[in-house]
2 protein chains.
Amino acid sequence: MSNHQDVIRRLQRANDSKIVLLVADGLGGLPKEPGGKTELETAKTPNLDKLTKRGVCGLSHPVFPGIAPGSGPGHLGLFGYDPLKYEIGRGVLEALGIDFDLGPNDVAIRGNFCTVDESGVITDRRAGRIASDIGAKLCEKLDKIELPGVEVFVKPVKEYRLVIVLRGAGLGGNIPDTDPQKTGVPPHDPKAADSDSEKTADLLRQFVAKAKEVLKDDAPANMFTMRGIDKKPPVPTFEEVYGTRAAAIAVYPMYRGLARLVGMDVLDAGQTLDDQMERLKASWDDHDFFFVHFKYTDSTGEDGNFDAKVEKTEQVDGCIPAIEALGPDVIVVTGDHSTPSKMKSHSWHPVPTLLAAENCRFDAVDTFGEANCLAGGLGQFEAKYLMPMAMAHAGRLEKFGA
Amino acid sequence: MSNHQDVIRRLQRANDSKIVLLVADGLGGLPKEPGGKTELETAKTPNLDKLTKRGVCGLSHPVFPGIAPGSGPGHLGLFGYDPLKYEIGRGVLEALGIDFDLGPNDVAIRGNFCTVDESGVITDRRAGRIASDIGAKLCEKLDKIELPGVEVFVKPVKEYRLVIVLRGAGLGGNIPDTDPQKTGVPPHDPKAADSDSEKTADLLRQFVAKAKEVLKDDAPANMFTMRGIDKKPPVPTFEEVYGTRAAAIAVYPMYRGLARLVGMDVLDAGQTLDDQMERLKASWDDHDFFFVHFKYTDSTGEDGNFDAKVEKTEQVDGCIPAIEALGPDVIVVTGDHSTPSKMKSHSWHPVPTLLAAENCRFDAVDTFGEANCLAGGLGQFEAKYLMPMAMAHAGRLEKFGA
């Protein structure tokens, strides 16, 4: 039996339509109390509201109801890849995001510098958010560590974040995070979750022991935790599935990495949403599909800063006219998951979604927000169906069957 | 793991209830502009509206969000067969619809007579919609063509439509349509998509070459295109799955064919909805389940004629009292897909659905239309769950598990 992506692959047809997918990371939120408004509902979003009037709204479940996804599955779902079928370690994404050329024998790991006390217990999970240049210097030191029989790469990402890659034959990638997700305890020991990964776990234990020596005088960044240890999975490319020339305009490395994983062209996005809009305009003729990613609705949510998330949401609203001016056939505005500032974390709540196109079945929603989206014509749906709907509205799908 | 149909098969129980499934083909539509009404919302439907008051409404996705189905998968879904599991070529449906007794060695093909110019380029994809008697005479001529090692059957369907069947051992049916779906180009050459179908493709190329000679003086019907080339798949019968004695009352061949494929008794339906209502009444005692098909909501939509579709929808409304007079336990009114006149084609938009029965959880919907169905008690659902719901409301399903 065909899965939904196989079906899309068979039905896709080319035309000269343009699709813009604007992802406001962590867009969905929560009201502070019953009867209150969410961040999105509080924000003044005249442009998005106007767009709802010629569009159709709904709420998407990134994976399935109750599941709070990480950014990886959140985005895979938006890109139309079943996040239960394609599980991608965060280390892999992070490595792709710094243009590290991951090969099939590589195990990639996301590292976070942290502070540990003399007994090895974590006192700061982000090492006081050290500056990027300090992180880079520490990575240079760690990069010199040698392990028997494999190559070791240690690369800085940004601030306290780094990537570690082990390259060599026979390395499994099935090792749980060593990040305990809290302070007051030491990092976990790297332990293999299957027999194929025993060699990798053993090498990582050696690596940690050597790193402890290397970093011993570098507090607050005198240790690191490891997350998302994994190998790169084989995924069909965006072009294979959808037949579109897709471009990613994302500032943050991980989102660039995820876009690269599915074969999008990753463009220079600059640093701001204005930069991104300029890039969108400049690359308009060369691509059919544009993934534009905005990080700060998520990070303000993670910080628990309701007002800042409102402000960042308004910033997203502000870029809509620039997108509309280009005359896309389909505009989709959504998030990869909810990040309610009330919870300071990703959540499972379905994500407000807006799709505007000529052949929408217009609904009564006239303001973009969670409560209104609940009454929208898209209903509640699994995020993996968003791309089929965008493709359909762009006239890019043939009829299924006779 | 059981699929939904296996579960139904285990749970079905007989009683003396009657279920009527009235399919207004292509029922769903679109408003012409934001804030406007769809065809169904524009139509005066007092009988359907009355039915909503003792029923429950919703919107069904024939396949999954974004997919515009052909009539085959559209109806399979309504009949409770997963359209991703059972893919049926249009040629097979068309052959079944003219009472052609398809066997396991048969490859069936839907043909459309078309007009080609002296260079073989299509100038009219439907050969000026020639009258049925002309089509029948041309089929008689083509039926005489002989090919080495196989039997060839060529039968008229209606107007410009015909069925071609090749019967013989070792014939695969995996050959893409030769219909290019547009004028200004010649029909495609029959080409095998797998090695099992090479022999079939070769025979079809010979058949086309001979037919070109046979039809050379028969413009506007001087060639044909081929679609839906396929063999008959093995599907469980309606009686096996649901335990009902099912009757199909459909005027158009393809829908009769689809009903026959799932093992329904195909009754003489006459030509009009009134004829169909008479047949329904006459056969009431002999069956438990009645599939009544009305084509013209689709064909007017395909023609892009909003007003005509409104009128045909009102005609559907007009037959409701005749159905209600028979006292069915469950009435379902829906479509196999949407056909918005704005798009002149099948579309992916979910289909308004109404189910009336004694044990409905009645909802607030009091007028049958797309926007109202959005707030209906059935919500948005995959069409394959409609039959389980009809069966449940008819008291024909045991409890699942203890």
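All values reported here derive from a predicted model rather than from experimental measurement. Residue numbers start from 1 in every chain, and the chains themselves are labelled A, B, ... in the order their sequence lines are given, proteins ahead of strands.
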Novice: side-chain contact (heavy atoms from CB on, under 4.5 Å) with B:Pro83: which residues, sequence neighbours excluded?
Specialist: A:Phe400, B:Val63, B:Pro73
Novice: Is chain A contacted by the side chain of B:Leu59, its backbone, both, or neither, given a heavy-atom distance below 4.5 Å?
Specialist: side chain
Novice: Scan the side chains in residues 383-398 of chain A for donor-acceptor partners under 3.5 Å anywhere in the protein, sequence neighbours excluded, and list what turns up.
Specialist:
residue  : atom : partner  : partner atom : Å
A:Lys384 : NZ   : A:Asp82  : OD2          : 3.2
A:His393 : ND1  : A:Met389 : O            : 2.8
A:His393 : NE2  : B:Trp348 : NE1          : 3.4
A:Arg396 : NE   : A:Asn15  : OD1          : 3.3
A:Arg396 : NE   : A:Ser17  : OG           : 2.8
A:Arg396 : NH2  : A:Asn15  : O            : 2.9
A:Arg396 : NH2  : A:Ser17  : O            : 3.0
A:Glu398 : OE1  : A:Arg13  : NH1          : 3.2

Novice: In terms of side-chain geometry, is the basic nitrogen of B:Lys309 or B:Glu302 positioned less than 4.0 Å from the acidic oxygen of its partner?
Specialist: no
Novice: Of all of B:His349, B:Glu33, B:Arg90, which one pairs up most often with chain A through heavy atoms under 4.5 Å apart?
Specialist: B:His349
Novice: Apply the test side chain to side chain donor-acceptor pair (under 3.5 Å) to residues A:Thr38 and A:Glu370: give CA-CA distance (whole Å), side-chain angles for both, the deciding distance (0.1 Å), then the verdict.
Specialist: CA-CA 7 Å; A:Thr38 66; A:Glu370 287 82 349; 2.6 Å; yes
Novice: Tell me which pairs pass salt bridge (charged side-chain N to carboxylate O under 4.0 Å, His left out) where either residue lies in residues 349-361 of chain A, with sequence neighbours left out.
Specialist: A:Glu358-B:Lys342
Novice: Applying a heavy-atom distance below 4.5 Å, give me the residues of residues 64-72 of chain B that approach chain A, sorted by number.
Specialist: B:Phe64, B:Pro65, B:Gly66, B:Ile67, B:Ala68, B:Pro69, B:Gly70, B:Ser71, B:Gly72
Novice: Testing the 3.5 Å rule here: is there a donor-acceptor pair between the side chains of B:His188 and B:Asp177?
Specialist: no
Novice: Between B:His337 and B:His346, what is the ring plane arrangement, given parallel below 30°, perpendicular above 60°, and tilted in between?
Specialist: parallel
Novice: Report which part of A:Lys53 has an atom under 4.5 Å of a heavy atom belonging to chain B: side chain, backbone, both, or neither.
Specialist: backbone
Novice: Is any side-chain heavy atom of A:Leu21 closer than 4.5 Å to one of A:Thr334?
Specialist: yes
Novice: Under 4.5 Å from any heavy atom of chain A, what part of B:Pro350 do you find: side chain, backbone, both or neither?
Specialist: both
Novice: Heavy-atom cut-off 4.5 Å, strictly under: side chain, backbone, both or neither for A:Ala375 against chain B?
Specialist: backbone
Novice: Please classify the contact of B:Ser338 with chain A as side chain, backbone, both or neither, using a heavy-atom distance under 4.5 Å.
Specialist: side chain
Novice: Of all of A:Gly379, A:Gly377, A:Cys360, which one pairs up most often with chain B through heavy atoms under 4.5 Å apart?
Specialist: A:Gly377
Novice: Would you say the side-chain atoms of B:Ser197 and B:Asp194 include a donor-acceptor pair closer than 3.5 Å?
Specialist: yes
